[in-house]
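This report concerns only the one structure given below.
We name chains A, B, ... by the order of the sequence lines, and we start the count at 1 in each one. Note that the structure is a prediction, hence the values are computed from the model and not measured.
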2 protein chains.
Amino acid sequence: MEITKREEEYLETMYILQKNKGVIRVKDISKKLNVRPPSVVDALKKLNEKGLINYEKYDRIILTEKGLEIAKETYQKHVLLMKFFTEILGIPPEIAEEDACQFEHYVHEITAERMKEFAQYIQEHCPYVLKQFLKEHMEKEEAETQKSPPK
Amino acid sequence: MEITKREEEYLETMYILQKNKGVIRVKDISKKLNVRPPSVVDALKKLNEKGLINYEKYDRIILTEKGLEIAKETYQKHVLLMKFFTEILGIPPEIAEEDACQFEHYVHEITAERMKEFAQYIQEHCPYVLKQFLKEHMEKEEAETQKSPPK
DNA sequence: CACCTGAATTAGTTTAACCTAAATAATTTA
DNA sequence: TAAATTATTTAGGTTAAACTAATTCAGGTG
């Protein structure tokens, strides 16, 4: 049975909620994913069908072995992409977050892995060049921020 | 009126077909996007509604000003991402292609731009380190290729 | 313990994107 | 040019993912 990108996103969200709050509630998923509670319930039913979570109505939600595995993989990619975008490219966190949040569902294993290796390699072999690159762009951003009309 | 990721993909495909073949045919879009011709016709109707192409049945398809603009922007991101994945990370073209094909529709302008700048910066300031990084991974891939069962 | 409130759920729709099968138009070829 | 082939289109479905409105449940408080 196929798992969609969106389902992956639901799983990842639940995994993070579990980690941070200890429980997974419909309301919180709803808030995080910016969808209405009934949409969450729909998703939960499907994920349950597919054996990725254990869900019975009004009962607590638990990721299964398989669901947890997918959630973790996705989350790892997310973290890795975030690091790359912010630490190597110097992208502002909010933007990096959005980019990572999409790309994590599409990026091939090899590409993700390579990004991680590349980051390490550069940080080790030419940290100064990297620092310089980031510095130049930080300055540029500062300037942009100044320019923007002060509300 | 909103434009979807998929519509962006259609526009980009048509743009490339126009460039390479001179004409845009349903059959060719169908082949490139791996969908059946009726799906293409559906898409064409919507794009026409939205003023992104000029389309009347059995007539030739033309990108409008607006449609062309979107197509070009998307295509540029595609090219840029491809370059980054292959030339900086050393990802094999077929895989890079698939990654680029998805990410191009989500990546923020600033991230795309920064990837381009980063590539230039590294190629200029530490070409040897880059070459070394790529070399190491090429070798690894060679080895993998050997390992895989020779059909 | 009954009531109230907020959380979760059901029922019924909508939209984007696809599909198959059948019909029609355009193009090529005998 | 008529017939055959190929391309395009229509008609009618399907599925994923969302929505609103209305209902049901659960936990906390008087």
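Applying the ring pair (Phe, Tyr, Trp, His ring centres under 6.0 Å) test to F133(A) and every residue at least two apart in sequence or in another chain returns H137(A), F118(B), Y121(B).
The shortest distance between the side-chain N/O atoms of K45(B) and the OP1/OP2 oxygens of dT10(D) is below 4.0 Å. Side-chain nitrogen and oxygen atoms of K57(A) include at least one within less than 4.0 Å of the OP1 or OP2 phosphate oxygen of dT10(C). Look at K27(B) and you won't find any side-chain N or O under 4.0 angstrom from OP1 or OP2 of dT6(D). S39(A) has a side-chain polar atom (N or O) that falls below the 4.0 Å cut-off from OP1 or OP2 of dC19(D).
Note: CD1 (I29(B)) to P (dA7(D)) measures 14 Å, nearest angstrom. For the pair Y55(B) OH and dT8(D) P, the computed distance is 9 Å after rounding to whole Å. In this structure, CD1 of I24(A) is placed 17 Å from P of dA7(C), rounded to the nearest angstrom. Taking atom CD1 on I61(A) and atom C1' on dT9(C), their separation rounds to 12 Å, with Å as the unit. Regarding E56(A), its CD atom lies at a distance of 15 Å from the C1' atom of dA8(C), rounded to whole Å. E7(B) places its CD atom 8 Å from the P atom of dA16(C), with the value rounded to the nearest Å. Nucleotide dA16(D) holds its C1' atom 15 Å from the CZ atom of R6(B), rounded to whole Å. For the pair K50(A) NZ and dA16(D) C1', the interatomic distance rounds to 9 Å; values are reported in whole Å.
Near DNA chain C, meaning a heavy atom under 4.0 Å away, there are no residues from residues 9-23 of chain A.
Note on D28(B) versus K31(B): no salt bridge recorded, every NZ/NE/NH1/NH2 to OD/OE distance being 4.0 Å or above.
The side chain of R25(A) lies closest to dA8(C) when the candidates are dA8(C), dA16(C), dA16(D). Comparing dA8(C), dA17(D), dA17(C) against the side chain of T4(B) picks out dA17(C) as the nearest. In the set dA26(C), dC19(C), dC19(D), dA26(C) carries the atom at the smallest distance from any side-chain atom of Y58(B). Counting only heavy atoms from C-beta on, R36(A) has its side chain closest to dC19(D) among dT9(D), dC19(D), dA17(C). Ranking dT9(C), dT8(D), dC19(D) by closeness to the D42(A) side chain, first place goes to dC19(D). Checked against dT8(D), dT9(C), dC19(C), the side chain of P38(B) finds its nearest nucleotide in dC19(C).
Counting only distance, with no hydrogens or angles, the side chain of N48(A) and the backbone of E56(A) share no donor-acceptor pair below 3.5 Å. Side-chain atoms of S30(A) never come within 3.5 Å of backbone atoms of V26(A) as a donor-acceptor pair (strictly under, hydrogens ignored).
The line from CG of L80(B) to CD of E113(B) is 7.0 Å long, rounded to the nearest 0.5 Å.
Partner of E7(A) under the side chain to side chain donor-acceptor pair (under 3.5 Å) criterion, chosen from K46(A), H105(A), K50(A): K50(A). Of the listed residues (T74(A), L47(A), I16(A)), just one forms a side chain to side chain contact (heavy atoms under 4.5 Å, CB included) with L11(A), and that residue is L47(A).
Looking only at atom types and distance, the side chain of E97(A) has a donor-acceptor partner in the side chain of H78(A) under 3.5 Å away.
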